[in-house]
Protein chains: 2
Amino acid sequence: MATMKDVAKAAGVSLSTVSNTLSGNIHVTEATKQRVLEATERLNYQKNGIAADLKSKTMRTIALIVDDLAGPFFSQFIQGIQRVALDNRYDVVACSALGRKDSMGVKFLQERRASGAIVFASDIAEDLLLDSAGRGLPIVAIDRVVADDRLVSITVDNTQGAYLATEHLIQLGHTSIAYIAGSHDSLDDRQRLNGFLQALSAYGLSPYSDLRISGNFTEEGGYRAIKTLVAQKELPSAVFFANDEMAIGGLRALAAEHILVPDDISVVGFDDIVLARYVHPALTTVRQPIYEMGALAMNVLLSSLMGAPPKTTTYTLSCELIQRGSCRRIGSKESDLARDASSGRRS
Amino acid sequence: MATMKDVAKAAGVSLSTVSNTLSGNIHVTEATKQRVLEATERLNYQKNGIAADLKSKTMRTIALIVDDLAGPFFSQFIQGIQRVALDNRYDVVACSALGRKDSMGVKFLQERRASGAIVFASDIAEDLLLDSAGRGLPIVAIDRVVADDRLVSITVDNTQGAYLATEHLIQLGHTSIAYIAGSHDSLDDRQRLNGFLQALSAYGLSPYSDLRISGNFTEEGGYRAIKTLVAQKELPSAVFFANDEMAIGGLRALAAEHILVPDDISVVGFDDIVLARYVHPALTTVRQPIYEMGALAMNVLLSSLMGAPPKTTTYTLSCELIQRGSCRRIGSKESDLARDASSGRRS
DNA sequence: CGAACCGTTTGAAACGTTTCGAACGCAGCA
DNA sequence: TGCTGCGTTCGAAACGTTTCAAACGGTTCG
């Protein structure tokens, strides 16, 4: 492993000339350039990136820290990021927060291994984020609200999304709608529940049941939630699941109970995971703008790296309803009613 | 951003004492330890990982280089890797080969930014791999054969997998089986075709048609392939798609043509992507041991890092048939025939 | 009482770059 | 001839750690 020093010696020039030649920052004569290049070739020289980073302190590397590199959102999310990063000649390395305190994610945050970070990991403690941000590392946090102007956070408008889904069901004529929660201590879940309730009350409806069923955001949980609902005998005419995984589990349970979707019951999910399109029937759901979140995150980070002061410290992206085959119109009068009430929509 | 020097000054000890305290390699008195710790706390010191790496030359970081961080296999693959890495206190950072010549992937390979690399990216040129390996970087290459003992390569036995799938169809009584190719210049595809042909010939059958239909490994391609087949009028009784994406496209086309699966036609895919379980009917397919590949890759890399000489320079993992709902037995006599011929199985 | 030893601390030299000010050679000009 | 200015090259000082040999104090032992 030859170093620049070796190359310099071999080419008969000084160390700095080699550096200048290779970096291209300072002009050198064509003759010396050739000599240097020939020497690097002959010695099979490759630069040591670590050393370069140490000295120059500007590594054009963005750390993307996620809970789980294998998670359902990761794929779309990174696409949004990569596109923007590539266009701006930045590199992104992904590392997981798996391993908690000494995960690679934490290492990147604490040890100045990147020029910026995008954090989409609930495993990373907030004070660690604030700490690193305070030390001067530009950070964009996804899906968490941080009341601190040292870092910017991007979230999805869960409330609006849930409102959309619920309103859709109401406009299809449904009046008895159940909400299957994810987990009660999740912010996402609380917001979605909120949107659900807001929509109901805007149309003068009340929740189908006081029963708070939670499915833990898992397919299995959704399955069991439906089983529970069935055990109660009187089914609602529509179910709104707090995420797609649960909805898919629910679909499976309904099939097992020979309850037809959407004929007997309408189902809506949340997230629009890839699978949603493929289950039977295809799942009507609320799409989170994951790709857009990635792209936005990267853009914000970049302008922060350019030294621009942040316009705002929190961004909220809105959701979109994706209609597929798991919902059906019932009755007919109700839809008129729904249309009338729609002026009561929340902003 | 305080440095160790600052901490040393603040604690009234030498630079090396600080280093010794923090790294824990050399024992220091409890008293000085406290003094140092107090100072790091007070100055809000965090170590500079880059500098540490530069000096120590051992960074316990494995670079995982993939074509596309969002690809269908990535998820399972990284799970296998992470598990092993975590257990051995190594970190893995994922970077894509997107961007070709100056992608982060190439940077990690060339610039000694990692202590080892796992490469699952056809975008990375072979000579770059050999170059880096020659320079002393332990590399494990996935899904490519490299006739060079500087690096070890892990592949899947596509031929065996395709043989398995085809044999399954034959044993179900199918004699007219079509193969839908991925892309003709792909090694994977050639191997799968090979296994297909081997199985047919082992049972004394010949391919359904001389027509070489290729679906480019995409869902759309699979869709079009079926349309082409239908246009030919006489359909085979079974279709073997070179991957699941195409098979899923094919399923869609068959549904559009009102051809029932598996009643009218049996379908087998290859890969066992997540979706395969969820399409309708659930897809019978060949599972590639992706998770196992990841775990193996990491294990091999680790033992190489420990300085152990590689036992072998190529590993081949075998596939497994996953039976689901897209195949059906036809006839009855043929299955006996199949059982007889099974002694002719390739090794 | 001095030598030998041990555990702790220190000084200084790396690691391989980048970068900045100075030196150098050469042309143009007075 | 001597000065200025310019483009190219050079020397040396960083960057923030780790690490190794040496120094230091204090016991223990001969």
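Order of the sequence lines fixes the chain letters, A, B, ..., with proteins taken first and strands second; residue numbering starts at 1 for each chain.
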Phosphate OP1/OP2 of dG7(D): any H27(A) side-chain N/O under 4.0 Å: no
Pair listing, side chain to side chain donor-acceptor pair (under 3.5 Å) test, anchored in residues 143-152 of chain A, at least two apart: D148(A)-R150(A)
Qualifying residues under side-chain contact (heavy atoms from CB on, under 4.5 Å), relative to E41(A), sequence neighbours excluded: none
Salt bridge (charged side-chain N to carboxylate O under 4.0 Å, His left out) partners of D6(B), counting only residues at least two apart: none
Under 4.0 angstrom between T17(A) side-chain N/O and dT9(D) OP1 or OP2: no
Pairs touching residues 12-30 of chain B that satisfy side chain to side chain donor-acceptor pair (under 3.5 Å), sequence neighbours left out: S14(B)-S16(B), S14(B)-T17(B), S23(B)-N25(B), E30(B)-Q34(B)
The helix from dC1(C)-dG30(D) to dA30(C)-dT1(D): angle between end helix axes, five pairs per end, rounded to 10 degrees: 70°
R60(B): salt bridge (charged side-chain N to carboxylate O under 4.0 Å, His left out) partners, not counting sequence neighbours: none
Any pair counted as salt bridge (charged side-chain N to carboxylate O under 4.0 Å, His left out), so long as it reaches residues 128-140 of chain B, sequence neighbours left out: D131(B)-R135(B)
Rounded distance in Å - NZ (K33(A)) to C1' (dG7(D)): 16 Å
Between C1' of dT9(C) and CZ of R35(B), the distance in whole Å: 11 Å
T313(A) (side chain) donor-acceptor with L151(A) (main chain) under 3.5 angstrom: yes
Where protein sits on nucleotides 11-25 of chain C, one letter per nucleotide: B base, S sugar-phosphate only, - none, heavy atoms under 4.0 Å: B--BBBBBB------
Residues in contact with DNA chain D, drawn from residues 128-139 of chain A - heavy-atom cutoff 4.0 Å: none
Identify each donor-acceptor pair in which a side-chain atom of residues 49-56 of chain A lies under 3.5 Å from a protein atom, sequence neighbours left out, and give them as a table.
residue : atom : partner : partner atom : Å
D53(A)  : OD1  : R113(B) : NH2          : 3.1
D53(A)  : OD2  : R113(B) : NH2          : 2.2
S56(A)  : OG   : A52(A)  : O            : 2.8

Sequence-distant partners of E292(B), salt bridge (charged side-chain N to carboxylate O under 4.0 Å, His left out), two or more places apart: R287(B)
Sequence-distant partners of D271(A), side-chain contact (heavy atoms from CB on, under 4.5 Å), two or more places apart: F73(A), R192(A), N243(A), D244(A), I273(A), Q288(A)
